[in-house]
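Heads up, the thing below is written out as structure tokens.
Start at 1 with the first residue, then count along the sequence. Keep in mind it's a predicted model, so treat the numbers as computed, not measured. Indexing begins at 1, ligand by ligand and atom by atom, following the structure's order.
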Amino acid sequence: MTRRPGFPARFDQGPLGQAPRARAPVAQSAVQSPTPTGLGLDSHAIRARMVQRIAAQGIIDARVLEALGTVERHRFVDSALVNQAYEDTSLPIGLGQTISKPSVVARMIELLLAGTQGRLGRVLEIGTGCGYQAAVLSRVATEVYSVERLRGLHEKARENLRTFRLANVHLLFGDGMLGYPKGAPYAAIIAAAGGEAVPAAWVDQLAVGGRIIAPTVLATGQQALVLVEKTPLQVRQTVLETVHFVPLKSGIA
Ligand code: SAH
């Protein structure tokens, strides 16, 4: 078991740091209100511990760790699951889909950033889901185009992201297997759903020097992360570790 100091965190209801049973008197700062047991309810501290665990798994890119330490994952999950928001696990977000595991989000974004400095340019995300990863990407890229094929989740992401006012995130409803030509060429493309192969449209819309990271089903039937690197001379694919993502599907619903 990993150490989880300070858990369970209670964000049952209400805004950040205002645990219903531990609410500080109104006159006091409502930003952080300690519980009688002294457990931290400051979500920043809980995220910092999540980031420590992710760093312990080998993620070293400071841009990635900063982004994961900043984006409030608990705002993207159902209120009944808020207590698990900072555990390293995928969680249901409705319509049979899941929010990705934080360590996998970190790993994939670190792979996209490898060899670059500062912010990435335009990034295309396939599978907005609840919008969490799009928010993380908004901190490491100049522009984020995120496509979702399920209208219900596209709208949920819009709702979830509203309070963050991320001017560089563009949510699109459509079939991401076709990419999004209007935003191309992309410095990076990241898929949050696993297909049978990396669609040709994504490779076409990738800038030279850019990278795609996509869960892909291998001949063995297992799903693994596939890294695509586009150089002036070739398109190189590298198969990395096994993963478990929801399927990439064509069309909209
Ligand atoms: N990045 C998301 C993870 C969502 S799960 C998050 O942070 O929550 C993957 C999502 O990919 C699902 O919402 C699913 O509907 C979507 N998806 C699957 N195939 C797709 C396609 N062809 N185009 C766009 N979205 C797709």
Ligand 1-proximal atoms of [X], by part, heavy-atom distance under 4.0 Å:
X	result
Leu248	both
Thr98	backbone
Leu153	side chain
Thr128	backbone

Legend entry - Test: Arg75 and Glu72 ion pair at under 4.0 Å: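 Counted as a salt bridge, because a side-chain N and a carboxylate O are separated by less than 4.0 Å.
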Legend entry - Leu178 touching ligand 1 at heavy-atom level, < 4.0 angstrom: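 Heavy atoms of Leu178 never come under 4.0 Å of ligand 1.
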Legend entry - Pro247 touching ligand 1 at heavy-atom level, < 4.0 angstrom: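 Right, Pro247 reaches ligand 1.
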Inset, instruction - Give yes if a backbone or side-chain nitrogen or oxygen of Ser250 is under 3.5 Å from a nitrogen or oxygen of ligand 1, and no if not. - result: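 Checking ligand 1 against Ser250, no N or O pair falls under 3.5 Å apart.
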Inset, instruction - For ligand 1, find out whether one of its N or O atoms is nearer than 3.5 Å to an N or O atom of Cys130. - result: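 Cys130 vs ligand 1: N/O contact under 3.5 Å present.
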Legend entry - Asp175 and Ser250: side chain donor to acceptor below 3.5 Å: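 No.
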Inset, instruction - Indicate whether the side chain of Arg107 and that of Ser103 have a donor and an acceptor atom separated by less than 3.5 Å. - result: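 No - no donor-acceptor pair under 3.5 Å links their side chains.
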Heavy atoms only: which of [options] is nearest to [atom]?
atom	options	result
atom 15 (O) of ligand 1	Arg149, Glu148, Met177, Lys101	Glu148
atom 23 (N) of ligand 1	Gly195, Gly179, Gly176, Gly251	Gly176
atom 22 (N) of ligand 1	Gln97, Lys249, Arg73	Lys249

